[in-house]
Structure formats: C-alpha cells, structure tokens
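Starting from 1, each residue takes its place in the sequence as its number. FYI, side chains are in, hydrogens and waters are out, and symmetry mates aren't considered; it's all heavy atoms of this structure.
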Amino acid sequence: MASSFCRGCLTQLRQTPRAILPSPTSIPRGSLFHTSAALNASPLMKKKNTQSTGPKFRETSSAKIKKKRPTERARPPAIGERKALRKRIVLSNPNALEVEGMLELTGETMVDSRLRGSVLALPVPMIDQLRAVQAFKPSQGWSIFRRPGTVLRRETLEMGRFFDNVSGEGAGKGIVDKKIITGPRRTGKTVHLLQAMAMGFTKGWVVVTVPEAQELVNGHTSYAPLSNEQLSLYVQNQATVALLQRTATANKKVLSKLRVSHKYPNMPAIKPGMTLEEVANVGIQDHANAWPVFQALWAELTAKSAESGLEKHFSPRPPMLVTVDNIGHWMQKSTYRNSKHELIHAHDLVFVRHFLDLLKPGKEQATLPNGGALLYSTSGSNFPAIHAFDVALKQVTARHAGVDPSSSEFPLSKPYSYPDERILEAFNFPKPTVANEGALTVQNIGGLTKDEARGFLEYFARSGLLRETVSDEWASEKWTLSGGGVIGELEKLGRRVRVPAA
C-alpha cells in the first residue's frame, strides 16, 4: 500500500532545534525495560586519552624501569639452634593435674613389690643428674605430665633388688651383672636404662653412660690415629671430652670425695691427692689428652687398693653402672676412613673397643672389681640389620641356657651369609673365672601385664589426660589394642582426651 505522504511533503517539515534534542552522551545506556528513572543515574566517567601526546616540557621520552624492592628474607637460625630445638627436653606440663599421694623413687620403694604397676615420681634433685647423662629422650612422653615419673614393672623390681644387694653388706656385695637388653619397638628399653641410672644415683654409684652409640660411628666427631706406633686404632677426642663432662657433672657429689691414689708419670697434670672430679676436668680442658685422662680416671674408679706411699689418699670405690644405648650401630663399619680411604671398622675405635671389652670376663679380677652392672640396649626403631649380631645374641642366649657349641641345637649363621667374624668373636668368650662376675646374658623386655597396664592407665586418668572410668574390662581392651601391653602404644591410647557429648 502506497503512503499518502510524498517526498516533497517530507522535505517541507520544520526541523527541531539542536538544543532541544538530547545529547548522545546523556541518553541512558541501560535496559529499556528498567523501572528506575534514567535521570537519577550517575553520569558516566570520561575515558582517558590513551593516545600519546609526546613528552611534556623538559621531560625525557626514555622508558623508565621500576626497580623491584628487595624481598626481606627471614634470618637463618644460628649454628646448632635447629639441633637444640630438635633435642629439646620438656619434663613438666603445668596444665596437667598434680597427682595426689604420688610416691618417689627411693631405695625403699624400688624394691617394694606391693607398688608393682604404680608410677613413681623421679626425685627433683636427681633430674639434673639424669639430664647430665642424657637419660631423657625427646620421643618419650615426659611433657604431658606434671612431673616426670616411671612405672614400676616386674623387670624394674628385679633390677632394684640387684642394686640393693650389691650396695649392701651381704653375699651380693661386689657382684657384676652384664646384660644386653633387647625387645620390640616402644617396649621401654631406653626407659629401663633410665630407671637403672636413677637407682644408681640413689645408691651413690658412679654412672657412666653412652646415650647414643650411633654418634660414635656416623662421622660426626673428629678422629685421629691413637699413636704413631698404633696406626690401626683411632681415638675420638671430642667424644671422650663429652663423656668426661657427663661423668663429672652427674657424679660430682661422689667424685669430689675420691682422691688419686696412683702415680701417672706420663701425665704430670694428674698429681696424687687430686680429687677425681679435678682429674676429669683436666681432660675436659685439654682435648688432646682426653683419652689418657679417661684411662687414668677409669683406673682410679676400678682400683681396689693404693700404691705404696699413697694409702692416705685411698678410700673404697663405689660400684659402677655403665649403660650404652643403641649398641647395634657398633656392629658394623663406621663412616670414618683410614689413610687408604677404606672404611674403618667400629671395633678399631678405642672408645668403642673399651666398652665392648667390658663385656668379656676379667682375667685376674672382674672388669668392675668393686661391683656394678653393664647394661647395653638395642633399638627397635633405629636398628641396622646385621645378621652376624643377631646370630651372636642367639649364641649368647644358647650358652647361658647350657647348650654346647658343638651341638646341633647351637645357632649358627646361615649358609652363604658371610657374617662378620669380628662380631662373632666379640661375643665368643669363655665363662668368667671370677666368683663375683656374672656371665653375659640377653634380657628380652616385652609388654606390661594387664595389672601393670591398668595401673599405668590410672595414672593418665589421675593426671587429667584420660576421661574414662578405668575398669578391668576397659584396661583389658586397651591392653589387647596395644599389642599385649606395649607401653609406647598404651601411651598413645592414654593421652587421647575424650569429652562426652553434652
């Protein structure tokens, strides 16, 4: 259909003035169906001119490179700070409850069979001595209780009776006990050594410890040939100094009362009449002579009488306790090397050889003439797989049981296993000929009994860590879950705080 307007009519229409028409910028840009008023909208911002108009007056046109601000890095920890934090020992938790009526480990309580299964607190004055010999380990749960304590188990009572007999005036005086403590992981072997140290300090014994045998063979201490004549033996002066420091600090009360009763012409610094504490300090100050000083100190501690003319300086020596933890690392080659760049066997280190020779029986007198104990422990978590050492422990057990080495029941190494003969010979020695010296035995420490486990878990409940009613059924269940009373697994179950729902 054709429009009624022609082209000429359209050209004759009047145009609207430009001022009346809205500007394109004021036209609202939005949805046509929006209900809000278009005039109330905020005006649009003008776009910046991105075209370069050239440099301004007295301004260069070169490109400016912004310098990056230096990033502030954290200050690295000081030398030894990480190791100190990793080995930090915390022995008290102020948030734990104080256990009322808790007994301490004394000469009477450590032999009381009525206290079996209860936890005894370590005396406060003794804690510094145990710290000095590094008896505490960071992996142990000392930091969850108000004060450090240890459970009195069957093996602890037997050891307490032995310490009581040796320190007494009866038939057990001067007896020497030699044991290698083995057992599964987390069964309390290291804590058993700690209990022995606590009993030794209680009875006034001299305690000599090697807290970690691995540190002697992993290449972390300096070493040198023992002398120009003995190039196949090596001495570790830093490790010997650390041993003297532990011994002098922990046994200060005993060593300060004992005096030198022998002459040592090769060491003019050691004079007759000096206290044994002063002798140990001589080796601590002079690192080069640390090993000869330790040999002199050991000779004084194991002396039965004095030389002629020095009887006034002699007094009876107390029994000794020697402990070594994680002995398995001494049954292999160390990471040290000789002049031919060959690995040095651990038995060629005089430090290691001295403590291993103590296990052998004495010739004319016992290795500890004044009595004492040698307690060497293995490790279940950090234990090198050494077939010869396993065979040697089985042979020691068989000899103690009376099995003849020529019998078919005597354990031997596997065929084509190529065991280290030096390890087998280190434990292959005859029975001791001295009456007071016992033969080397192997003691296997397992889990706690059900009664001991219940007493141990009741200590957690009294400390506020366990919010459960400790009954016979509940304790028997946790004893089963812990693998038959493994004390490390019981600790995991006991430290879980359970709060009933409201």
Side-chain angles (χ1 to χ4, degrees), residues 155 177-190 192-193 210 212-219 232-234 323-338 340-349 351-361 374-432 438-447 483-484 486 488-489:
E155 294 83 1
D177 190 19
K178 303 179 181 181
K179 289 182 180 179
I180 296 180
I181 302 172
T182 61
R185 183 174 178 267
R186 300 180 65 87
T187 52
K189 298 182 293 296
T190 304
H192 188 71
L193 297 182
V210 180
E212 181 56 53
Q214 184 180 4
E215 296 180 356
L216 275 299
V217 296
N218 58 1
S232 59
L233 298 179
Y234 299 87
T323 65
V324 179
D325 197 2
N326 206 351
I327 191 179
H329 288 276
W330 286 358
M331 304 302 157
Q332 59 182 347
K333 293 184 178 180
S334 66
T335 57
Y336 300 101
R337 295 183 180 273
N338 56 13
K340 299 180 180 179
H341 201 68
E342 297 174 349
L343 292 177
I344 300 174
H345 200 280
H347 294 186
D348 292 333
L349 304 173
F351 190 107
V352 176
R353 176 173 290 192
H354 171 78
F355 286 95
L356 289 180
D357 289 344
L358 296 178
L359 299 177
K360 300 179 180 180
L374 300 171
L375 300 179
Y376 294 3
S377 173
T378 60
S379 175
S381 57
N382 185 18
F383 183 76
I386 303 174
H387 175 65
F389 185 47
D390 297 337
V391 175
L393 294 181
K394 294 179 182 179
Q395 291 180 354
V396 170
T397 306
R399 291 193 192 96
H400 187 262
V403 180
D404 189 78
S406 60
S407 174
S408 60
E409 298 179 358
F410 192 78
L412 299 175
S413 58
K414 297 180 181 179
Y416 306 103
S417 60
Y418 303 103
D420 191 348
E421 296 297 334
R422 299 188 63 174
I423 299 175
L424 298 178
E425 291 295 331
F427 296 93
N428 184 16
F429 36 76
K431 294 182 179 181
L440 177 64
T441 59
V442 177
Q443 182 181 10
N444 188 9
I445 292 183
V486 176
E489 302 299 330

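With rounding to the nearest 0.5 angstrom, the CG atom of N444 is 4.0 Å from the OG1 atom of T182. Rounded to the nearest 0.5 angstrom, L233 CG and I344 CD1 are separated by 10.0 Å. A distance of 8.0 Å separates CE in M331 from CG in L393, rounded to the nearest 0.5 Å. Interatomic distance, CD of Q332 versus CG of L343, reported as 10.0 Å (0.5 Å rounding).
The backbone N or O of P184 lies less than 3.5 Å from a partner atom in the side chain of K189, making a donor-acceptor pair. Side-chain atoms of H329 do not come within 3.5 Å of backbone N or O of S334 as any donor-acceptor pair. Using modelled atom types, no side-chain atom of W330 and backbone atom of H347 make a donor-acceptor pair closer than 3.5 Å. Counting only distance, with no hydrogens or angles, the side chain of R185 and the backbone of G380 share no donor-acceptor pair below 3.5 Å. The closest donor-acceptor contact from the side chain of K178 to the backbone of Y376 lies at 3.5 Å or more, if one exists at all.
Residue pairs satisfying the side-chain hydrogen bond (donor to acceptor under 3.5 Å, both in side chains) criterion with at least one member in residues 384-401, sequence neighbours excluded, are listed as follows: R399-N428. Residue pairs satisfying the side-chain hydrogen bond (donor to acceptor under 3.5 Å, both in side chains) criterion with at least one member in residues 408-426, sequence neighbours excluded, are listed as follows: H345-D420, D348-R422.
Looking at V391 and L412, their side chains never come closer than 4.5 Å, going by heavy atoms from C-beta outward. In this structure, the side chains of I180 and L440 come closer than 4.5 Å at one or more pairs of heavy atoms. The closest side-chain heavy-atom distance from E489 to R186 is below 4.5 Å. Considering only heavy atoms from C-beta on, L424 comes within 4.5 Å of P419 through its side chain. K179 places none of its side-chain heavy atoms less than 4.5 Å from the side chain of L374.
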How far apart are the C-alpha atoms of T335 and N218, what are their side-chain angles, what is the distance that settles it, and do they pass the side-chain hydrogen bond (donor to acceptor under 3.5 Å, both in side chains) test? CA-CA 5 Å; T335 57; N218 58 1; 5.7 Å; no

Would you please test F355 and I327 for side-chain contact (heavy atoms from CB on, under 4.5 Å) and show each step? CA-CA 10 Å; F355 286 95; I327 191 179; over 6 Å; no

Kindly determine whether N326 and T378 satisfy side-chain contact (heavy atoms from CB on, under 4.5 Å), including the steps that lead there. CA-CA 4 Å; N326 206 351; T378 60; over 6 Å; no

Run the numbers on H192 and T190 for side-chain contact (heavy atoms from CB on, under 4.5 Å), then give the verdict. CA-CA 5 Å; H192 188 71; T190 304; over 6 Å; no

Evaluate side-chain contact (heavy atoms from CB on, under 4.5 Å) for Q214 paired with N382, printing each intermediate quantity in order. CA-CA 9 Å; Q214 184 180 4; N382 185 18; 2.7 Å; yes

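Residue I423 comes nearest to A392 through the heavy atom pair O-CB, 4.4 Å, listed as atom of the first residue, atom of the second, then distance. Closest approach of P430 and P361 over heavy atoms only: O-CG, 3.5 Å.
The aromatic rings of F389 and F427 are tilted relative to each other, their planes meeting at an angle between 30° and 60°.
For the side chain to side chain contact (heavy atoms under 4.5 Å, CB included) with I181, the qualifying choice from I445, D325, T441 is I445, the only one to do so.
With sequence neighbours excluded, the residues satisfying side chain to side chain donor-acceptor pair (under 3.5 Å) with E215 are K87.
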